[in-house]
Amino acid sequence: MTGPNTKNTYEHVDVLVAGAGLAGLYILYCLRQRGLTALAFEAGSGVGGTWYWNRYPGARVDVESTQYSYHFSDELAREWKWSEKFAAQPELLRYINHVADRFDLRRDVKFDTRVTSAHFDDAANLWTLRTDRGDIATARYCIMATGSLSKPYRPPFPGLDDFRGDWYHTAMWPHEEVDFSGKRVGIVGTGSTGIQAIPVVSAQAKHLTVFQRTPNYTAPARNRQLAPDEQREFQARHALWRVEVRHTFAAMTGFPLPTKFSHEDTPEQRRAFLEKRWKEGGMPQSLLASYKGVNVDEQANRVVADFVRDKIHEIVKDPKVAALLCPPLDLPIGSKRPPIDTDYYETFNRDNVTLVDVKHAPIERLTADGIRTANEHYELGAIIFATGFDAMTGTLLAIDIQGPDGYTLKNAWADGPSTYLGLMVAGLPNLFMINGPGSPSVKANMIVALEQHTDWIMGVIDHLGMTGRDRVEASDQAQTAWVQHTREVAEATLMPRADSWYVGANIPGKKRVFMPYFGGFDRYAALCEEIAADGYRGFELSHHGGGRSHAAALPPGASSA
Ligand code: NA7
């Protein structure tokens with residue numbers, strides 16, 4: 001048998017994992033704990049996933065660092081000290097590397113290796129993974145820990161090859177420092193990423209031109225150094241917190257829930273209250289949680305959205321620029337992923353920043369020395385694409401995933417992603433997803449969510465082993481009901497209204513489906529437990545036997561164990 005981290009070839013383990021980001025590492029830890037053998041393939045040269053790739057200036061988590069941490073180990077929680085309320089990418093990556101080292105997880109990871117296919121052999125009851133480096137590996141179970149935002153999207157503007165300057169996508173940022181000093185830089189995109197990068201790049205570049213299609217709502221993060229006693233207090237209550245957080249809507253605590261509707265306050269009281277929230281900082285846990293009904297009721301939403309529009313006019317000195325930065329009235333606040341920022345709107349008061357509206361005069365092409373819109377040519381020495389991802393489904397669909405009888409993930413998702421609990425897809429036995437479409441995922445604290453998913457998957461694998469079975473598959477019926485429930489939950493809110501990556505609207509031709517489950521992490525986690533306790537209701541558990549039958553599939557020259 002060849003060991004992980006060596007070149008090529010064939011390996012058989014109990015569980016195969018795609019990805020060594022936050023999810024992949026926790027899966028490896030759990031498998032090790034129960035004495036199961038595992039191998040993870042990771043496209044990057046190191047661990048970290050999202051935090052390995054997204055090294056752009058200003059990259060930072062938007063959930064409080066103490067909560068955006070692993071919670072499976074009290075010792076780990078006690079020993080790690082976060083320096084800031086919202087940690088920046090380098091610190092997050094250091095943390096993930098620390099975890100990989102502390103639990104000795106790297107030895108089960110093969111780096112610089114991307115999974116290209118996953119095929120299920122029905123008779124052998126095994127998954128076979130193949131990689132871009134020619135590896136073949138088999139296992140009874142396969143877990144896709146491939147991330148929700150891991151397939152970068154760059155609009156196919158013509159003329160990229162003509163551009164003589166440097167260009168970057170924020171999610172494929174170089175490892176060496178990029179120096180924009182003295183340069184005329186253009187940035188396309190004002191999602192969470194653009195909003196983080198724009199203030200930082202503007203402080204370095206000679207000039208920054210921001211190409212904005214849809215103005216976004218954002219609120220100050222009020223990031224700051226973490227006081228040692230704050231952290232100690234959190235660490236002391238960690239074990240309790242871990243339980244508490246399972247009973248929260250977004251897998252986060254520490255913020256007041258709304259107690260009244262905005263119409264119960266006078267306009268002056270509303271203004272004072274929202275002003276207080278703005279000063280405290282934050283968006284999902286602050287402005288969006290200021291009054292009841294902000295996520296579901298147009299009028300309630302409008303109160304908060306108008307407040308942000310007023311703030312923009314108050315902060316941005318040039319009224320024309322302020323107007324251009326104001327999101328349209330038909331865009332509910334919170335219906336696109338809500339960003340938080342440091343000095344975003346203030347940045348547009350700088351002399352070296354220009355805002356360009358590319359909704360009404362779209363980008364037509366790149367030229368040798370810049371970007372041409374329908375109106376004008378902008379001279380640039382560097383371009384940053386902060387244009388997002390083919391979210392939630394893109395990475396999985398890029399892998400040729402094939403179950404019994406040639407049934408593929410592409411077949412299963414031809415009309416948009418269908419899953420049962422965001423964990424499994426009917427027709428693809430023994431293949432699990434972490435934070436898949438149909439799970440709270442991106443609408444929750446992702447680390448709490450991935451631990452919950454992994455724990456549940458470990459539970460079913462244990463259960464199969466203990467009951468002499470070796471196959472689990474979501475039933476069509478359970479999946480159909482779950483997809484319908486997920487849709488109904490979303491449609492009862494304002495969430496699906498925006499052309500966001502939540503609904504796939506950012507990718508031309510992608511089927512419009514609100515992909516995350518927005519019924520609350522608490523409700524979801526309780527339901528997963530209940531389903532397991534009820535003998536894995538909606539899943540078919542069976543015994544198939546089989547074993548390793550893949551010698552015939554070995555490439556010439558590859559040796560089996
Ligand atoms: P997002 O949120 O998808 O934002 C992408 C931005 O790029 C957004 O402002 C888009 O405008 C813009 N975009 C995309 N295509 C074009 C074209 N063709 N022309 C002009 N502008 C364009 O990605 P992020 O990386 O910011 O954030 C992704 C998630 O990562 C984030 O939500 C966090 O969860 C972490 P649009 O709004 O579509 O008009």
Side-chain angles (χ1 to χ4, degrees), residues 21-22 49-51 53-63 68 86 89 92 147-160 168-173 186-198 209-218 221 250 283-284 324-325 327-328 330-332 334-341 344 355-366 371-374 378 383-392 394-395 435 440-447 449 495 497-510 512 515-516:
L22 285 156
T50 289
W51 302 110
W53 297 104
N54 287 269
R55 297 165 186 251
Y56 61 86
R60 167 181 306 287
V61 66
D62 56 9
V63 173
Y68 189 83
F86 300 105
Q89 177 272 337
L92 288 155
S148 302
L149 295 148
S150 45
K151 185 164 189 254
Y153 171 70
R154 181 169 49 76
F157 299 121
L160 187 64
Y168 309 87
H169 189 289
T170 49
M172 295 181 292
W173 202 261
I187 183 163
V188 184
T190 52
S192 302
T193 301
I195 283 174
Q196 287 188 332
I198 285 162
T209 306
V210 178
F211 296 88
Q212 170 193 270
R213 191 165 64 180
T214 309
N216 217 334
Y217 300 94
T218 170
M283 172 79 90
L324 202 51
L325 283 167
D330 62 357
L331 180 66
S335 59
K336 285 190 173 220
R337 162 91 183 191
I340 52 174
D341 70 89
Y344 179 67
L355 181 65
V356 175
D357 171 15
V358 292
K359 178 153 231 103
H360 299 104
I363 294 175
E364 287 188 338
R365 62 173 299 116
L366 271 62
I371 287 181
R372 185 185 306 286
T373 69
Y378 296 88
I383 299 173
I384 301 170
F385 295 103
T387 45
F389 302 84
D390 183 353
M392 304 204 71
T395 304
N435 285 333
S441 54
V442 293
K443 294 306 281 177
N445 175 345
M446 296 284 280
I447 304 192
M495 293 301 111
R497 301 252 181 121
D499 287 340
S500 66
W501 58 259
Y502 290 147
V503 297
N506 62 325
I507 304 297
K510 191 164 172 172
R512 192 177 180 111
M515 294 182 282

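Read the numbers this way: they start at 1 and go in the same order the structure lists the ligands and their atoms. Quick caveat: nothing in here was measured; it's all calculated off a predicted structure.
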Derivation and outcome, salt bridge (charged side-chain N to carboxylate O under 4.0 Å, His left out), residues D499 and R213: CA-CA 12 Å; D499 287 340; R213 191 165 64 180; over 6 Å; no
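- For T218 and D341, the side-chain atoms include at least one donor-acceptor pair closer than 3.5 Å.
- Between T170 and ligand 1, no N or O atom pair is found at a separation short of 3.5 Å.
- Between W501, Y56, Y153, F385, it is W501 that holds the heavy atom closest to atom 1 (P) of ligand 1.
- In this structure, Q212 contributes its side chain and L355 its backbone to no donor-acceptor pair below 3.5 Å.
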Side chain to side chain contact (heavy atoms under 4.5 Å, CB included) assessment of N216 paired with Y344: CA-CA 11 Å; N216 217 334; Y344 179 67; over 6 Å; no
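- Closest to atom 39 (O) of ligand 1 among all protein heavy atoms lies T214 OG1, 2.5 Å.
- Which parts of ligand 1 touch P155 is read off a 4.0 Å heavy-atom cut-off, strictly below it: atoms 15 (N), 16 (C), 17 (C), 18 (N).
- Remark: ligand 1 atoms within the under-4.0 Å shell around heavy atoms of G189 are 6 (C), 7 (O), 9 (O), 12 (C).
- Annotation: atom 33 (C) of ligand 1 to nearest protein heavy atom, R337 NE, 3.7 Å.
- In this structure, the side chains of F389 and T395 stay at 4.5 Å or more apart for every pair of heavy atoms.
- Remark: ligand 1 atoms within the under-4.0 Å shell around heavy atoms of V188 are 20 (C), 21 (N).
- Atoms of ligand 1 found under 4.0 Å from any heavy atom of T190 (numbered from 1 in listed order, with element): 6 (C), 8 (C), 9 (O).
- Distance alone, capped at 3.5 Å, is enough to place a donor-acceptor pair between the T387 side chain and the Y153 backbone.
- Contacts between K336 and ligand 1, counted as non-hydrogen atom pairs separated by less than 4.0 Å, involve the side chain only.
- Of the protein's heavy atoms, R213 NH2, 3.6 Å lies nearest to atom 14 (C) of ligand 1.
- Contact annotation: the side chain of L160 approaches that of R154 to within less than 4.5 Å [non-hydrogen atoms, C-beta and beyond].
- Of all atoms in ligand 1, listed by their number and element, those nearer than 4.0 Å to a heavy atom of F157 are 17 (C), 18 (N), 19 (N).
- Residue, atom and distance of the protein heavy atom nearest to atom 6 (C) of ligand 1 are A386 O, 3.3 Å.
- Residue contacts with ligand 1: F211 is excluded, as none of its non-hydrogen atoms falls under 4.0 Å.
- Between the side chain of Y217 and the backbone N or O of L331 there is at least one donor-acceptor pair closer than 3.5 Å.
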Verdict with supporting geometry, V442 and M515, side chain to side chain contact (heavy atoms under 4.5 Å, CB included): CA-CA 9 Å; V442 293; M515 294 182 282; over 6 Å; no
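- Between Q196 and N54, the closest side-chain pair of non-hydrogen atoms is not below 4.5 Å.
- Protein heavy atom at the shortest distance from atom 31 (C) of ligand 1 is S192 OG, 3.5 Å.
- Of the protein's non-hydrogen atoms, G191 CA, 3.6 Å is the one closest to atom 4 (O) of ligand 1.
- Closest protein heavy atom to atom 35 (C) of ligand 1: L149 CD1, 3.9 Å.
- Given atom 24 (P) of ligand 1, the protein heavy atom at minimum distance is T193 OG1, 3.2 Å.
- Under the 4.5 Å side-chain criterion, counting only non-hydrogen atoms from C-beta, Y68 is in contact with L22.
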